[in-house]
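I have placed the structure first, in the form of structure tokens, so that the comments after it can refer back to it.
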Amino acid sequence: MAQDPKQKRKQERQMNDQMRVRHEKMDELREEGIDPFGHEFKPTALAKDLTEEYDKYSKEELEEKDVTVTIAGRMVAKRGSGKVGFADILDRSGRMQIYIRKDVVGEEKYHIFKRSDIGDFLGFTGEVIKTDMGQLTVRVTDVTFLSKALRPLPDKFHGLQNKEQKYRQRYLDLISNRESFDRFQNRAKIISAIRNFLDNEMDFTEVETPVLHASAGGASARPFITHHNALDIQLYLRIALELHLKRLIVGGMGRVYEIGRVFRNEGMDKEHNPEFTELESYAAYFDFKDVMDETEGIFRAAAKVVTDDGKVTYQGNEIDLDKPFKRVHMVDAIKEVTGVDFWPEMTIDEARKLADEHHVKYESYWKVGHIINEFFEEFVESTIVDPTFVYGHPIEISPLAKKNADDPRFTDRFELYILGNEYANAFSELNDPIDQRQRFEAQVAEREAGNDEAQGIDEDFIKALEYGMPPTGGLGIGIDRLVMLLTDAPSIRDVLLFPTMRPEEDQD
RNA sequence: GAGCCGUUAGCUCAGCCGGUAGAGCAUCUGACUUUUAAUCAGAGGGUCGGCAGUUCGAACCUGCCACGGCUCACCA
């Protein structure tokens with residue numbers, strides 16, 4: 001391919017010594033009639049399969065078996081002496097050592113191996129053997145050059161440590177840090193296990209609902225705003241899946257769930273990324289206690305991917321997901337930790353007095369329920385260790401949850417807490433359209449009073465409820481945080497392949 | 001949004017009181033027919049994140065900027 005000489009000079013200026021050498025080797029391959037960016041290749045085995053199948057045999061047994069295989073992958077380590085060489089080949093399943101001799105493969109093929117760099121893709125055919133050191137190895141009879149790496153890989157021993165680079169160039173992290181590679185494999189398996197549980201054990205239907213919303217509801221959060229040209233309207237990226245899924249319950253689908261990306265235009269930290277993956281499920285005729293059972297089922301199914309006995313260690317703290325989760329009313333939990341009793345009916349002034357006594361700050365528009373919630377968040381949340389369903393949230397902070405039949409100050413809602421963090425939020429869904437309109441109106445009043453995350457009225461959703469929605473139990477789980485818990489990841493960025501980053505300028 | 005910390009070779013990291021930049025891996029040359037962070041001998045490789053300032057002299061001190069990390073705040 002012809003290249004502008006000016007551009008080529010510029011490129012060369014930006015290259016370091018190692019890139020120059022690799023470009024030269026690429027040209028050399030072409031001169032030898034080898035395509036440095038080759039085509040299809042048919043490996044007959046993966047590294048992991050070979051280990052599983054043959055590692056149990058002795059050196060002599062393997063010699064007798066005389067098994068020939070073809071493997072392919074990226075060369076990630078290379079060592080050896082003049083006329084023999086060893087290399088580690090990384091394929092999607094793991095590593096395999098190869099052993100190559102000049103007197104076996106011949107001058108030309110050995111030269112290809114000698115001149116190839118760490119990072120290059122190569123294919124090898126050979127016999128499965130064990131070395132004198134007992135290492136399972138492919139003794140090479142044929143080499144195929146597959147693809148050139150023009151940039152050097154990170155340090156083979158330390159891997160890639162620079163966090164920024166790990167997030168920006170995840171492919172390098174995946175190549176050089178096996179624990180990261182495995183974590184993303186586990187993420188996929190966890191999501192698959194959840195799907196399997198909901199599909200096959202709970203008889204749910206998986207659905208897809210719009211990401212672009214005319215009004216962003218179903219949660220309290222600031223949305224991302226975008227614009228549709230043809231319709232010339234403002235649209236929002238969804239902040240929750242809730243309102244569409246409930247419309248499907250109205251439509252008679254009975255049990256639906258969606259695992260999908262939602263977007264919240266808020267701060268970023270170890271637990272928050274602007275886009276994240278949420279599971280929401282809705283089941284007709286469930287109440288929130290049924291949803292607790294469903295949630296335990298989901299967590300156990302997911303945990304099975306990483307543990308046999310349900311025990312998981314997160315950042316040094318062990319928890320047991322096989323034990324039945326604790327269940328406690330929010331007011332009882334507050335009473336237990338602080339001694340403050342919110343069971344008696346009280347006026348806002350009495351609640352404010354309690355807040356003042358305990359140095360709990362409150363906003364002017366807060367009602368008693370907001371203060372109760374604040375007590376919980378301030379004093380109780382961080383003390384929870386074992387998986388615990390905290391239920392009975394105040395009605396003021398739960399605009400989509402059904403009122404408790406015996407005490408209308410509270411809702412039939414729960415959140416699941418583990419090690420001080422929230423993992424699930426669920427309730428018996430509000431299916432009374434008149435109550436729903438009043439809740440939305442209270443949210444609008446809150447917004448006018450200064451809460452810019454309060455929701456607006458979704459008239460279309462209320463209309464759907466007016467056609468009748470069966471009693472329904474709904475659930476939301478933050479998938480990223482669940483994956484963090486199960487894979488012992490300290491930051492949400494460690495479980496997102498490509499976390500949101502500020503773009504860098506001046507890229508080479 | 002605030003505070004603290006970081007940014008030095010392709011990667012991982014040193015660099016003392018301000019005196020013109022170091023190691024290991026990687027790369028290059030040579031030796032070596034069972035190595036596994038291979039070994040041995042030699043060599044090359046730097047806009048010390050960027051821009052200003054202080055100074056005879058700045059990787060180091062000061063200011064501003066960029067990006068990142070941690071903590072806090074915010075966050076159904």
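Proteins get letters first, then strands, A, B, ... in listed order; numbering begins at 1 in each. Quick note: numbers below take in every heavy atom, side chains included, and nothing from hydrogens, waters or symmetry partners. Every value quoted in this text rests on a predicted model; they were computed, and no experiment measured them.
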Got a list of protein N/O to nucleotides 4-10 of chain B N/O distances below 3.5 Å?
{"from": "B:G10", "atom 1": "O4'", "to": "A:Asn16", "atom 2": "ND2", "distance (Å)": "3.1"}
{"from": "B:G10", "atom 1": "N9", "to": "A:Gln18", "atom 2": "NE2", "distance (Å)": "3.3"}
{"from": "B:G10", "atom 1": "N7", "to": "A:Gln18", "atom 2": "NE2", "distance (Å)": "3.2"}

Of the listed B:U34, B:U36, B:C28, the closest approach to the A:Arg101 side chain comes from B:U34

*Have a look at A:Glu415 and say if it touches a base, only the backbone sugar-phosphate, or nothing, with a 4.0 Å heavy-atom cut-off.*
base

query: Does A:Lys78 make a side-chain N or O approach to OP1 or OP2 of B:A38 shorter than 4.0 Å?
result: no

- Are any of the side-chain heavy atoms of A:Leu198 and A:Ile194 separated by less than 4.5 Å? yes

| At under 4.0 Å between heavy atoms, what does A:Arg264 touch on the DNA or RNA strands: base, sugar-phosphate, or nothing? | base

Sorted by position of nearest nucleotide on RNA chain B, 5' first, the leading residue of A:Ala221 and A:Lys114 is A:Lys114

| said: Considering every strand and a 4.0 Å limit on heavy-atom distances, what is the contact class for A:Arg95: base, sugar-phosphate, or nothing? | reply: nothing

Next on the checklist: Heavy atoms only, 4.0 Å cut-off, all strands: where does A:Leu160 land among base, sugar-phosphate and nothing?
Outcome noted: sugar-phosphate

Requested in this report: Check whether any side-chain nitrogen or oxygen of A:Lys270 sits under 4.0 Å from OP1 or OP2 of B:C70, and answer yes or no.
Outcome: no

Which value, in whole Å, describes the distance between the C1' atoms of nucleotides B:C13 and B:U8? 9 Å

When you compare B:A9 with B:G50, how far apart are their P atoms, in angstrom units rounded to a whole number? 10 Å

Taking B:C11, B:U35, B:U34 as options, the one with an atom nearest any side-chain atom of A:Asp132 is B:U34

Side-chain atoms of A:Lys83 come closest, of B:U36, B:U33, B:C67, to B:U33

Given the 90°-from-0 boundary between syn and anti, B:C48 should be labelled anti

note: A:Gln169, atom CD; B:C11, atom C1'; distance rounded to Å ~ 11 Å

- Task: Determine whether the aromatic ring centres of A:Phe461 and A:His244 lie less than 6.0 Å apart.
- Result: no

Regarding A:Ser220, tell me which of base, sugar-phosphate or nothing describes its non-hydrogen contacts under 4.0 Å with the strands shown.
sugar-phosphate

Checklist entry - Reckon A:Gln97 touches a base, only the sugar-phosphate, or nothing at all at heavy-atom distances under 4.0 Å? => result base

NA contact type, A:Lys25, heavy-atom cut-off 4.0 Å: base, sugar-phosphate, or nothing?
sugar-phosphate

Margin query: Considering every strand and a 4.0 Å limit on heavy-atom distances, what is the contact class for A:Asp103: base, sugar-phosphate, or nothing?
Written below: base

Closest to the side chain of A:Met501, out of B:U12, B:C28, B:G68, is B:G68

A:Arg79 atom CZ is separated from B:U36 atom P, nearest whole Å, by 8 Å

With the side chain defined as heavy atoms from C-beta on, A:Phe86 is closest, among B:U34, B:G68, B:C28, to B:U34

Determine whether any donor atom in the side chain of A:His272 lies under 3.5 Å from an acceptor atom in the base of B:C75, or the reverse, and answer yes or no. yes

**Item:** P atoms of B:C75 and B:A58, separation to the nearest Å
**Value:** 49 Å

Could you tell me whether A:Gly159 contacts a base, only the sugar-phosphate backbone, or nothing, with contacts defined as non-hydrogen atoms closer than 4.0 Å?
sugar-phosphate

**Request:** Just call it for A:Gln135: base, sugar-phosphate, or nothing, with non-hydrogen atoms closer than 4.0 Å on any strand.
**Result:** base

Centroid separation under 6.0 Å, is that true for the rings of A:Phe375 and A:Phe342? yes

Quantified in whole Å, what is the P atom distance between nucleotide B:U54 and nucleotide B:U62? 15 Å

